[in-house]
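FYI, the numbering just counts along the sequence from 1. Keep in mind that the numbers below use all heavy atoms, side chains included, and drop hydrogens, waters and symmetry copies. Counting starts at 1 for both ligands and their atoms, in listed order.
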Amino acid sequence: MGLSTVASRSLKTDYLVVGAGAMGMAFTDALIDHADVHVTLVDRRHGPGGHWQDAYSFVKLHQASLFYGVASTVLGTGAIQQQGPEAGLQERAQRSAIQSYFDDILQRRFIDTGRVTFLGGSEYHTDGDSHLVTSRVAGETTNMEVRHRVVDATYLSPTIPATTTPPFEVGDSVPVVALNELATLGRAPSEFVIVGCGKTATDAIIWLLANGVPPERIVWVRPREPWMLNRSVVQPDPTVALGLAADTMTAAADADSLDDLFLRLEAAGVMLRIDTEVTPTMAKTPTLGTWELDLLRTVENVVRLGHVRGVTTSEITLDHGVVPLSRGSLVVHCAAAGLQYPPLVPLWGPDRIRPQTIRVGFPCFCAALAGYVEATRDDDRERNRLCPPNTLPDNPADWAQMQVLGTLAARTYGAEPDIAAWANGCALNPARIDPSRRDDPAVRAAAARLAGVVDQGLARLSELV
Ligand SMILES: Cc1cc2nc3c(=O)[nH]c(=O)nc-3n(C[C@H](O)[C@H](O)[C@H](O)COP(=O)(O)OP(=O)(O)OC[C@H]3O[C@@H](n4cnc5c(N)ncnc54)[C@H](O)[C@@H]3O)c2cc1C
């Protein structure tokens with residue numbers, strides 16, 4: 001779309017936040033809660049929630065709802081599932097609940113209080129000096145006069161199958177669809193060829209199996225083997241969280257290599273892999289239920305010949321070979337990159353703030369933390385000291401690096417009494433210890449176990465990286 005650089009009107013604001021996805025929403029929410037400022041929130045989508053607006057209908061958070069959203073308002077009820085294969089684990093919101101949640105936050109917390117102006121369906125662009133926002137509907141361009149800061153809440157925006165073309169060539173008349181279309185098929189294909197090895201691929205397969213497709217009618221093209229986190233060890237409970245950290249550091253302290261580290265974590269019940277005969281090379285580590293793992297293992301027709309290069313009506317060409325494509329098959333694109341890995345840059349740069357992860361994972365908590373620190377500190381050097389950027393993991397080395405950087409960052413910001421108090425009251429924080437649990441013997445025991453091994457574990461992780 002050609003964007004007009006001639007502004008027909010001007011608006012003043014304290015903060016211009018670009019991107020109303022989870023990170024832009026979490027940053028804004030924490031900022032306006034702790035500073036008397038006005039924010040203009042811009043998104044090219046017409047509503048908030050970012051990629052959730054284009055997600056497949058059967059997607060759910062892979063983690064507890066409590067860990068997702070904004071700091072001021074819990075997503076869901078914080079209830080533990082009472083029935084089904086995840087009985088005993090925290091509830092996980094579906095797409096519709098996530099969308100309603102963000103709609104409610106935008107209207108009730110942001111717009112109705114007069115603290116935030118939302119410019120939806122609008123593209124942010126700049127001609128160098130000016131900050132311009134062009135409506136994708138009216139075409140009108142607004143010049144934003146920003147009194148304090150511009151916040152780029154698009155820096156980690158993930159790519160998803162619905163909005164990215166498949167990363168392989170698709171011949172004429174080849175039936176290739178994004179997994180979103182599985183829920184709207186008019187006719188059952190003879191075979192489903194699932195391309196991808198991340199969370200969307202596992203979701204597609206579990207959904208197909210749940211809808212009566214026998215595993216023999218699924219072909220799974222897995223370019224890499226993934227490590228995934230056992231969902232039962234990522235729960236909003238301090239004994240579980242401290243136990244996970246202690247298991248991680250214990251495994252690291254004794255590990256001979258990165259592969260050995262992950263095998264030790266598997267033995268400790270932390271990591272899961274689909275095929276125990278193959279050592280995974282991918283470690284984006286979404287969480288997976290053990291019931292999901294059991295289902296995934298029923299699919300035996302697995303193609304491990306690298307990445308797909310192209311698909312015709314009769315065959316699939318991969319890095320290391322060619323396999324036939326049966327007549328009547330449907331190829332399902334689950335191969336968007338998902339997580340993004342832009343260079344780690346200081347969150348507070350001279351031109352803008354770029355929220356990134358700080359602790360280990362949990363983008364919503366990290367964006368909220370950045371909003372809190374922006375509101376409560378007045379020196380960028382200090383803000384950057386408290387909130388160094390962390391990496392998101394793609395492979396085992398990145399994962400180990402993320403543990404090192406995140407543990408050190410949490411020590412730094414956790415040493416500030418006000419941040420520690422805020423973080424302990426914030427449900428998004430997976431490491432939070434509610435004051436009422438501080439003297440719980442189980443929490444104390446888990447904390448002592450972690451304290452006994454953390455330095456050794458960190459030292460070894462740094463060597464392994
Ligand atoms: C399927 C899936 C499931 C996930 N599940 C979980 C989970 O359970 N727990 C968890 O913690 N994380 C989860 N994540 C990861 C997490 O959702 C994301 O990493 C993060 O929350 C994404 O939010 P975001 O705001 O960075 O990006 P986005 O959601 O992509 O939002 C960025 C927004 O910026 C807008 N934008 C970009 N450029 C411009 C521009 N120039 N002008 C105007 N607007 C612009 C886009 O339209 C978009 O709406 C999941 C991710 C996926 C894909």
Nearest protein heavy-atom contact for [atom]: which residue, which atom, what distance?
atom	answer
atom 18 (C) of ligand 1	His51 NE2, 4.0 Å
atom 34 (O) of ligand 1	Gly19 CA, 3.3 Å
atom 22 (C) of ligand 1	Pro158 CD, 3.6 Å
atom 31 (O) of ligand 1	Gly21 CA, 3.4 Å

Looking only at heavy atoms of [X], does any of them come nearer than 4.0 Å to an atom of ligand 1?
X	result
Pro48	no
Tyr155	no
Ala55	no
Tyr68	yes

Any N or O of [X] that comes nearer than 3.5 Å to an N or O of ligand 1?
X	answer
His62	yes
Arg44	yes
Ala22	yes
Lys199	no
Thr200	no

Looking at [X] versus [Y], is the centre-to-centre ring distance below 6.0 Å?
X	Y	answer
Phe118	Phe110	no
Trp399	Phe262	yes
Tyr68	Trp52	yes

Lys/Arg-Asp/Glu bridge criterion (N-O < 4.0 Å) met for Arg273, Asp275 |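 Looking at Arg273 and Asp275, the cut-off is not met.
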
Side chain or backbone of Thr154 under 4.0 Å from ligand 1, or both, or neither, by non-hydrogen atoms?
->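 For Thr154, only side-chain atoms sit under 4.0 Å from ligand 1.
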
How are the rings of Trp207 and Phe58 set to each other: parallel, tilted or perpendicular (split at 30° and 60°)?
->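 The rings of Trp207 and Phe58 lie parallel, inter-plane angle below 30°.
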
Is any heavy atom of the protein nearer than 4.0 Å to atom 14 (N) of ligand 1?
->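 False for atom 14 (N) of ligand 1.
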
4.0 Å protein heavy-atom contact status of atom 51 (C) of ligand 1, strictly under |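 Yes.
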
Run the numbers on Phe67 and Phe365 for ring-ring contact (aromatic ring centres under 6.0 Å, His included), then give the verdict.
-> CA-CA 7 Å; Phe67 293 150; Phe365 172 70; 9.8 Å; no

Out of [options], who gets a non-hydrogen atom closest to [atom]?
atom	options	answer
atom 48 (C) of ligand 1	Met23, Gln63, Arg45, Gln53	Arg45
atom 19 (O) of ligand 1	Ala337, Pro363, Ala20	Pro363
atom 35 (C) of ligand 1	Asp43, Val133, Val42, Thr357	Asp43

At their closest point, which heavy atom of Thr126 faces which heavy atom of His131, and how far apart are they?
->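 Reported closest heavy-atom pair: OG1-ND1, 4.5 Å.
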
Closest approach of Ala420 to Gly414 (non-hydrogen atoms, all atoms of both residues) =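 Of all heavy-atom pairs spanning Ala420 and Gly414, the closest is CB-O, 3.5 Å.
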
For ligand 1, which atoms, with element, lie under 4.0 Å from some heavy atom of [X]?
X	value
Ser157	26 (O), 27 (O), 28 (P), 30 (O), 32 (C)
Ile160	53 (C)
Tyr124	40 (C), 41 (N), 42 (N), 43 (C)

Can you check side-chain hydrogen bond (donor to acceptor under 3.5 Å, both in side chains) on Glu86 and Gln81, steps first, answer last?
-> CA-CA 6 Å; Glu86 286 189 16; Gln81 299 181 52; 3.1 Å; yes

Could you give me the CA-CA distance, side-chain angles and deciding distance for Val240 and Leu244, then say whether side chain to side chain contact (heavy atoms under 4.5 Å, CB included) is met?
-> CA-CA 6 Å; Val240 178; Leu244 170 62; 5.6 Å; no

Can you spot which of Asn230, Ile274, Leu229, Leu296 makes a side-chain contact (heavy atoms from CB on, under 4.5 Å) with Leu288?
->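 Only one option passes, and that is Leu296.
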
What distance do His148 atom NE2 and Leu31 atom CG have between them, rounded to the nearest 0.5 Å?
->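 Atom-to-atom, His148:NE2 and Leu31:CG are 9.0 Å apart.
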
Residue among Arg411, Arg383, Arg377 satisfying salt bridge (Lys or Arg N to Asp or Glu O under 4.0 Å) with Glu416 =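 When Arg411, Arg383, Arg377 are each tested with Glu416, the salt bridge (Lys or Arg N to Asp or Glu O under 4.0 Å) holds only for Arg377.
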
